[in-house]
Amino acid sequence: RNKYRWKYPTLEDKTPTIEGNLTGINELLYDWEHGHAPLNEIKMMTFAKASNQYFSVPDAAAFSFGNGTSDSPFSVNFWFKTSDMTSQSLFSKYGAVSNQEYYFFTDGSDRLQLYLTDESTGQTVNARSTALTSYQNELINITVTYNGAGGGTAASGISMYINGVALTLTAFNSGLYTAMENLTQNFEIGRGLTAFYLDGTIGNFALFSRELSAQEALLLYNNGCAADISSILPVDLVAYYKLSDLNGGDSSGNGYGGSPQNSPLITSFTCENSQADNCLWWNQRAEKSNPALSSSVEGVNADKQSILDS
């Protein structure tokens, strides 16, 4: 209340009344065209071990997360389906001995494992999950993160999520591990150690140069509907491979294009969840039957309405 009101009673009374509505910053900045828009049909790349099929990206410094002295954080998120969880190579920058950085795969007991290798000391640390046999023949969303801690507790800085839910991991550390090195091995999806491959399908594959949070892992799962990652979580996105065709393009805009090797196939999947009831993209707007469009900016209203009507 104006402290001069009673001494100068006309001062406050002459203050003009503010008219209009305020639009929240999130509403103004939100990407209403894409947002968390579910990809109702997601096309993914299917690999076969018998044909030595994989996806290869030329080596670049952006794909290395250690300099021999210290590590830096990274995360990977992708959709995955296989009929057999045993011994599947998911992604790696892990070639022959002396050219190894990190390797993510399922082992002979159907457990997810992330290896981190310090070539200068010959030490590998890793974290592994429990068996994931029950997820065979299901389309699942996987997120793996590393906080970049390095040193004797590096493996304890690894986290893994399936469909946005954290997995219980066992970490195997080494006091002799310092950090990964920046080596020359290509970044590969569906192959590791230059000789181990994948029987399965991978799509909407994103690499980040930071540790994703549990909340972000759940966001990327998007209640079972694959989303355009370059729109909903672009911060520190190093590379984004939708793997929806054989062109090998990088949808992050950073230009790290890759190429499929030995003719993998493209397979289509449909989002099984109802758009209106389950997808975060839809629920953050209005229900189609009762669009509550409240922005004071007509352009925002029009964009939202066009999405609701589509």
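No path of Ile, Leu, Val, Met, Phe, Trp and Tyr side chains, each step under 4.5 Å between heavy atoms, connects Ile189 with Ile229, placing them in separate hydrophobic clusters. Grouping the Ile, Leu, Val, Met, Phe, Trp and Tyr side chains by contacts below 4.5 angstrom, directly or via other members, places Phe65 with Val125. Taking hydrophobic clusters as Ile, Leu, Val, Met, Phe, Trp and Tyr residues chained together by side-chain heavy-atom distances below 4.5 Å, Tyr135 shares a cluster with Val76. Phe80 and Leu220 fall into different hydrophobic clusters, where Ile, Leu, Val, Met, Phe, Trp and Tyr are joined by side-chain heavy atoms under 4.5 Å apart, directly or via other members. Note on Ile142: it clusters hydrophobically with Tyr241, by side-chain heavy-atom contacts below 4.5 Å among ILVMFWY residues.
Checked by atom type and distance alone, the side chain of Glu188 never pairs as donor or acceptor with a backbone atom of Ser56 at under 3.5 Å. With Asn126 contributing its side chain and Leu114 its backbone, the two residues share no donor-acceptor pair below 3.5 Å. Counting only distance, with no hydrogens or angles, the side chain of Asn222 and the backbone of Gly224 share no donor-acceptor pair below 3.5 Å. In this structure, Thr117 contributes its side chain and Glu119 its backbone to no donor-acceptor pair below 3.5 Å. For Asn182 (side chain) and Ala61 (main-chain N/O), no donor-acceptor pair under 3.5 Å exists by modelled atom type. Between the side chain of Asp236 and the main chain of Ser209, no donor-acceptor pair closer than 3.5 Å is present. Looking at Asn262, its side chain does come within 3.5 Å of a backbone N or O of Asn52 through a donor-acceptor pair. Ser129 contributes a side-chain N or O that, together with a main-chain N or O of Leu112, makes up a donor-acceptor pair within less than 3.5 Å. Side chain of Ser89 to main chain of Leu198: no donor-acceptor pair is present (N/O by atom type, distance under 3.5 Å, no hydrogens or angles). A donor-acceptor pair under 3.5 Å is formed between the side chain of Asp110 and the backbone N or O of Thr86.
Here the two rings, on Tyr102 and Tyr94, have centers that are 6.0 Å apart or farther. Under the 6.0 Å cut-off for aromatic ring centres, Phe91 and Phe205 qualify, their centroids lying closer than that.
Counting heavy atoms from C-beta outward, Trp79 and Phe269 have side chains that stay 4.5 Å or more apart. Side-chain contact between Arg210 and Leu212: present, with at least one pair of heavy atoms (C-beta onward) separated by less than 4.5 Å. No side-chain heavy atom of Tyr240 sits under 4.5 Å from any side-chain heavy atom of Phe208. Here the side chains of Pro73 and Tyr146 are not in contact, with every heavy-atom distance at 4.5 Å or above. Contact check for Gln100 versus Gln185: no side-chain heavy atoms found under the 4.5 Å cut-off. Two residues are said to be in side-chain contact when any heavy atoms from C-beta on lie closer than 4.5 Å; Asn77 and Val144 fail this criterion. Put simply, the side chain of Phe78 does not reach to within 4.5 Å of the side chain of Asn204, judged on heavy atoms. Residues Asn99 and Lys93 have side chains not in contact (no heavy-atom distance under 4.5 Å, counting atoms from C-beta outward).
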Exercise for the section: Dump the intermediate steps for side-chain contact (heavy atoms from CB on, under 4.5 Å) on Leu246 and Phe55, then the final yes or no. Expected result: CA-CA 10 Å; Leu246 299 178; Phe55 184 86; over 6 Å; no

inquiry  = As a quick check of understanding, evaluate side chain to side chain donor-acceptor pair (under 3.5 Å) for Thr143 and Tyr221, giving each step before the final call.
reply    = CA-CA 9 Å; Thr143 300; Tyr221 169 56; over 6 Å; no

Subject >> Step-by-step side-chain contact (heavy atoms from CB on, under 4.5 Å) determination, Thr145 to Met160 >> reply: CA-CA 6 Å; Thr145 72; Met160 301 178 195; over 6 Å; no

**Request:** Apply side-chain contact (heavy atoms from CB on, under 4.5 Å) to the pair Asp199 and Gln88, showing each step before the final yes or no.
**Result:** CA-CA 7 Å; Asp199 276 328; Gln88 303 290 358; 3.9 Å; yes

Set out, in order, the CA-CA distance, both residues' side-chain angles and the distance that settles side-chain contact (heavy atoms from CB on, under 4.5 Å) for Leu116 and Ile158, then state yes or no. CA-CA 10 Å; Leu116 309 174; Ile158 295 171; 4.1 Å; yes

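Under the 3.5 Å distance criterion, with hydrogens and angles disregarded, no donor-acceptor pair is assigned to the side chains of Asp59 and Thr184. Under the 3.5 Å distance criterion, with hydrogens and angles disregarded, a donor-acceptor pair is assigned to the side chains of Thr46 and Thr267. A donor-acceptor contact closer than 3.5 angstrom is absent between the side chains of Tyr54 and Asn186. Checked by atom type, the side-chain pair Asn173/Ser156 shows a donor-acceptor distance below 3.5 Å. If you check the side chains of Ser51 and Tyr197, you find no donor sitting under 3.5 Å from an acceptor. Between the side chains of Asn147 and Glu211, no donor-acceptor pair of N or O atoms lies under 3.5 Å. Between the side chains of Ser64 and Glu101, at least one donor N or O lies within less than 3.5 Å of an accepting N or O. Side chains of Ser259 and Gln261: a donor-acceptor N/O pair is present below 3.5 angstrom, by distance only. Gln136 and Thr82 share no side-chain donor-acceptor pair at under 3.5 Å.
For Lys43, the NZ atom counts as loosely surrounded, since its 6.0 Å shell holds 12 or fewer non-hydrogen atoms of other residues, nucleotides or ligands.
Shown here for Pro234 and Ile232, the closest heavy-atom pair between the two residues is CD-C, 3.6 Å. The two residues Ser120 and Glu181 have their closest heavy-atom pair at OG-OE2, 3.0 Å. Between Leu176 and Thr121, the shortest heavy-atom contact is O-OG1, 3.3 Å. When all heavy atoms are compared, the tightest approach of Ser230 to Leu237 is CA-CD2, 3.9 Å. The two atoms that bring Leu243 and Ile266 nearest to each other are O-CD1, 3.8 Å, heavy atoms only. Closest heavy-atom contact between Ala127 and Ala155: CB-O, 3.9 Å.
Separation of atoms CZ (Phe63) and CZ (Phe187) is listed at 6.0 Å; rounding is to 0.5 Å.
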